Structure formats: structure tokens, C-alpha cells
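Quick notes on the structure that follows.
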2 protein chains.
Amino acid sequence: MTDVATEPQRPEAEGRPAVEGRPAANGERASGALYRKVAADLREAITTGAYGEAGRLPAEGALAEQYGVSRGTVRQALALLRSDGLVTSRRGTRRVVLAGARVQSFSELLSFTHWAYSMGEEPGGILDSLVRRPADAAEREQLRLEPGAEVYVTVRLRTLSGTPVMVERTVYPPRVGEIVAELPPDVVSHTEVLREHGILFTDADHTIDVVAANAEDARLLGCRRGGPLLRERRRTTDPTGTPVEWSQDRYLPGTVAFSVHNSLATSALSRHAREMD
Amino acid sequence: MTDVATEPQRPEAEGRPAVEGRPAANGERASGALYRKVAADLREAITTGAYGEAGRLPAEGALAEQYGVSRGTVRQALALLRSDGLVTSRRGTRRVVLAGARVQSFSELLSFTHWAYSMGEEPGGILDSLVRRPADAAEREQLRLEPGAEVYVTVRLRTLSGTPVMVERTVYPPRVGEIVAELPPDVVSHTEVLREHGILFTDADHTIDVVAANAEDARLLGCRRGGPLLRERRRTTDPTGTPVEWSQDRYLPGTVAFSVHNSLATSALSRHAREMD
DNA sequence: CCGTCCAAGTTGACTAGCCAACTTCGCTGA
DNA sequence: TCAGCGAAGTTGGCTAGTCAACTTGGACGG
């Protein structure tokens, strides 16, 4: 991020480099937008403890001057931190640091492979089956397909450093499934390959609950049939809102926990009674 | 929301009522801010299907004119809808409707009582024990207490229309616990009472995983000891960032599922390997 | 010593406008 | 017929400023 690409329409740039109020102890990514750079910088300052455990952030105006941006841009950055649960924010008083750390989250949740790497483990994927067949009603509903459309269904055993962790059953619409079907069975990250083919994953709905292992689960994971599994069902869409996968992951107990932050301001989590299947 | 309280500093109000582009089919709440009213209105239009299943929203400019507000305000409203997973949003093209429905979520997750009512069920709470004792290290850490501080610990069996659903173990800091300890044992909603005492719940971190039932769980829920339970651990803070409760809820399988939306833009969910206890 | 009140500081909300980046679609030319 | 170009439409990003609502802490008075 060190230098800014375009130096956007600020009348006079008056020599002060944009976004440099803090040395920016590199290693950050933060795409083009200024407010993302400010956010990334503040995030790092917070997680390294520069403002203390429950310390106060500088005022918006002060940060704006420090980074050489407008207050609106600083507010965009702070909104990001807030939705991540890093800081509070209420009228009349400075923002207060909340948690101590927080991970990148989206890609980590989306891709088993990314998640594994972020923990320093080696991800693995053993393809158990891949079939192409007509979609049933539930699948057509979830993937928004026409009656008579076909889907590709994969079943994979996912491992961390060799030990079985999760069974992944994914239903792909034809456009996506055709690509997956061509893949060698030892490709670990389908997500990665699909991204290279221009299939983007940008939005996902997750539902988390407990189920009993069926015969296939038991065979693949080596657990008792009927034993408890943590289930995550996920429907993912691309930027246009078109569904690109409908997946059901079943984790062995003790291998994973899901973590969410929500607040009165930005919420996204809810609790349901059973529903959909 | 039908009428606007203050009609804020718009130079000339030129007779066009603010926020009235749509009849506003009443029943909405939406607090003071204009952008919240616009958001509530759009949310309803979307969920009632006014824009179709995967339809396109009007352009920001058009909405701004329709509601008689600036484009910035419309963008604030749309950001809310986006973080709820209702619409997509990318440069160059109109927003697209994503899901079909979505609940209010935050209060629903925070309070078992609210959740129950929102499903049309009768919530119940049977107090099993309430003790006051010195906080252990983990509790001091979570609630940010001084060494030597005391905590109040409650164990409650929660029911839906009479049937056991969940065991709730909550640790309160003294300030909050003193209020809870005074409550009659048949008070169903602690959250509600605390709110009346000025204890506000605004931010929460949740962690969801699977555990085996211990002896107490089995006794209260009537399940087998060692049987699977869905566990939700939650730390809640007030607007100043001060922790107000640390709770651990254990649900019987099949009674509940947690649901999350996330996207590249606004994320909050992540996946962990075990951790904290 | 303690409570009240006020002023300064701070965030929330909103407006108006600009430019850039991107998508879509129709038109044109090969 | 089809590919490519370009214009129009749309959202992302940013600035600058205004006013309102709220919090905090200190001065002051009882």
C-alpha cells in the first residue's frame, strides 16, 4: 500500500503524502481505496495495542488531518472497524477499542484451503464422488435453476495435515459444475480454480446447526454412525446475485468453531428454529 | 414513521414531504434518522416482492429524488440493506435483490425471550441456581475485572411453550449481577429488566460449536449424558465497551440453527480451531 | 464536600457536488 | 452474422461544510 496510485482529485496535494500518518509497518494488503488503507492501518495499530486495551481512538478530525484525508473518508474507515467489532462508536465521545484481535474472515470462511493456511496447517481434499444429474426441487430453488436443469454434485473429504476433519457436499449449477468436473481429483482448492475462471464468490448465507452422522459421514470421517457433527450449510452468490454453489459441510466435533460479531448498528446474524433442509 | 419529526436542515423544504416516495404500508418502526426510514421502507418493498425475485432496484439518484433526500443518504440506507444481505452492489450496474426475507436479528439473538416471541412461542425460564463468588482468571479476563472481584453466576433452563430447549449459564459482573440477584426467580427476561435499569446491550461476540452434555445438562434438559449439544458462547458489552455478561448457552439438537450473512464488503464471521474455553 | 450547570469536544446525520471506474447495450463496420 | 467500439447510465470514492445530539469534565455555588 505504501504509495497511492492515482492521487485522486484533491485540488492541491500540498506535498503531504496521503495515508502516511503512521509508518504502516508493512505487510498489509488493502486494495485501492483510501478508506481501506486508513482502515487497515488503524486495524493494525489497534491489534498491536497502540491504543491500549480499552483505550480511546483519536477524534475523527484528528485522524483526518493525520492521514491527509477528509473526515468522511475517515468515517468510512471507522465504519469498517466497527462492523468488525474492533471499536465502539457513539455520539458525544471518542471511539473505544473493543477486542484484541480479529481475522480477515470472509475468504477464510469461504474457502477451507485459505482457512487451513491461515492456521499454518496443510489442507487436503479427497474426492469421493462427482455426479451429474437432474436437480431436485430444493436444488432448483437454492440455485435458481429452470425445471429440468442439471446440477453437478461433489462429495469430498477434507483433511488438515492428513487427519479427516470435514465432509463437504457441494451442488454446483451447470456453468460452474462444468469447470469443476474437468478438474483432476487431487486439486485441493476448487474455489481458487473457479476464481481463475472468472467465477467470483462475493456473498454467502450460512446456517449452522448440529446433525447426526449418516453412514457415508461415518465411513469418510471414521466416526460412529449417529455421532454428532457440526453442520454448516452455505449458499454463495457472485457479484450479480447469481448462485454459484450450495454446499453442506459436516465437521467432526472439536475441530472447528464459528465466530461472529454483531451489534445494534450492523447486524447479520440471526437464530432460527430448524427450517430449510 | 409516517411523518418526519424535525424536517432537518434542508434549505428550502419546497413542499415535498421527506421520505414518502412509497406509501410506507405502516407497521414499521425505524428510529429518527432519515436513512433508517428509507432503509426500512426499501426493506419492506423488497421483502414484499415489489422488485421481484432477482429484480433491479432503481438507481441511487432516482431513489434520492423519490424520497426527497440526497444521494448520500440513500447510499447510507442501501449500505444497511447490503450488510443484511438483501441486495448486491457493484460499480456500473444497478443493485440486484438477493434474498427473499430477513429478520431483525440483533435483539433476536441477544434475548431468548425476543426470539421466542418472534416465532410465536411462549418463552420460559426456570432458575436452577444463582451464586456469588470470586471470579476465576478466565472470567476476569472476559469481563475485564480486577483481581479479587466477584461475579454472579446463574444457571437457567430455558423452555419454549413448556418444552426444555436450552441451558443458559451466565456470568455477570457485580454492577449487573446485583440487579439480577434481586429478581424474583420467575422473571423470564433478564435482558428486559436490565434494559429498564439502564444496562444496555449493544455489541456481542458469539462463538458456536458442539459439545457433549455434562451431568447437569443431562439432568436439566432430559437428554443422555454425553449427547451432543449446540453451544453458543457470547460476550456482550454496553455502548462504552464495558462487558456486561459472559454467557454460555447449550441447545438440544434440532431446536435451533444459527444463520449468518457475509460478503466481501461487510464481514464479521470467521472460523476458528477450537480456542478459548 | 457535593451537586448543578455550562462550555468544549466529539460523533451522527445530511447536503451538494465532483470525478473515476465499471457495466450494459446499441450501433457500426467488417 | 458477429465482433468491437463507444456513449450513456450507474455505483464507488472523496471532499467540504453545516447543524444536531450527546458526553465529559471543570467551574461554580450552596
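Atom set for the values below is all heavy atoms of this structure, side chains included, hydrogens, waters and symmetry mates excluded. What you see is a predicted model, and the numbers here were worked out from it, not measured in a lab.
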d([atom1], [X]; [atom2], [N]) in whole Å:
{"X": "B:Leu34", "N": "D:dC19", "atom1": "CG", "atom2": "C1'", "value": "14 Å"}
{"X": "A:Arg91", "N": "C:dT11", "atom1": "CZ", "atom2": "P", "value": "12 Å"}
{"X": "B:Leu80", "N": "C:dC14", "atom1": "CG", "atom2": "P", "value": "11 Å"}
{"X": "A:Leu200", "N": "C:dC22", "atom1": "CG", "atom2": "P", "value": "13 Å"}
{"X": "A:Asp238", "N": "C:dT23", "atom1": "CG", "atom2": "P", "value": "12 Å"}
{"X": "A:Glu65", "N": "D:dA16", "atom1": "CD", "atom2": "P", "value": "12 Å"}
{"X": "B:Glu60", "N": "C:dT15", "atom1": "CD", "atom2": "C1'", "value": "15 Å"}
{"X": "B:Arg75", "N": "D:dT10", "atom1": "CZ", "atom2": "C1'", "value": "10 Å"}

Does any donor-acceptor pair link the side chain of B:Arg71 with the base of D:dG12 at a separation under 3.5 Å?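 Yes, the side chain and the base share a sub-3.5 Å donor-acceptor pair.
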Measuring from the side chain of A:Arg36 (C-beta onward, heavy atoms only), which nucleotide among D:dG13, C:dT15, C:dT10 has the closest atom?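 Selected nucleotide: D:dG13.
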Hey, which of these two, A:Thr240 or B:Val74, hits DNA chain C nearer its 5' end, going by closest nucleotide?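 Mapping each residue to its closest nucleotide by heavy atoms, the 5'-most match is B:Val74.
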Hey, is the side chain of [X] poking within less than 4.0 Å of OP1 or OP2 on [N], counting only N and O atoms?
{"X": "B:Thr93", "N": "C:dT23", "value": "no"}
{"X": "B:Ser89", "N": "D:dG12", "value": "yes"}
{"X": "A:Arg94", "N": "C:dT10", "value": "yes"}

Let me spell it out: for each of B:Leu57 and A:Gln76, pick the nucleotide of DNA chain D with the closest heavy atom. Which residue's pick is nearer the 5' end?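 Looking at DNA chain D, the more 5' nearest nucleotide goes with B:Leu57.
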Measure across A:Leu109 and A:Arg234 and return the closest heavy-atom pair with its distance rounded to 0.1 Å.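 Between these two residues, the closest heavy atoms are O-NH1, 4.4 Å.
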Please identify each residue that fulfils side-chain contact (heavy atoms from CB on, under 4.5 Å) with A:Arg91, with sequence neighbours left out.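 With sequence neighbours excluded, A:Arg91 shows a side-chain contact (heavy atoms from CB on, under 4.5 Å) to no residue whatsoever.
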Checking all strands, does A:Arg90 fall into the base, sugar-phosphate, or nothing category for heavy-atom contacts under 4.0 angstrom?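 Result for A:Arg90 = sugar-phosphate.
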Considering every strand and a 4.0 Å limit on heavy-atom distances, what is the contact class for B:Arg95: base, sugar-phosphate, or nothing?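 The answer is sugar-phosphate, as B:Arg95 gets under 4.0 Å only of primed atoms, P, OP1 or OP2.
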Going by the rule salt bridge (Lys or Arg N to Asp or Glu O under 4.0 Å), which residues pair with B:Arg144 if we only count those two or more places apart in sequence or in a different chain?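 Testing B:Arg144 for salt bridge (Lys or Arg N to Asp or Glu O under 4.0 Å), a comparison that skips the adjacent residues, returns none.
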Student check: side-chain heavy atoms of A:Tyr172 and A:Ile199 closer than 4.5 Å: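 No, their side chains stay 4.5 Å or more apart.
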Nearest 0.5 Å, what's the CZ-CG distance between B:Arg175 and B:Asp238?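 It comes to 5.5 Å.
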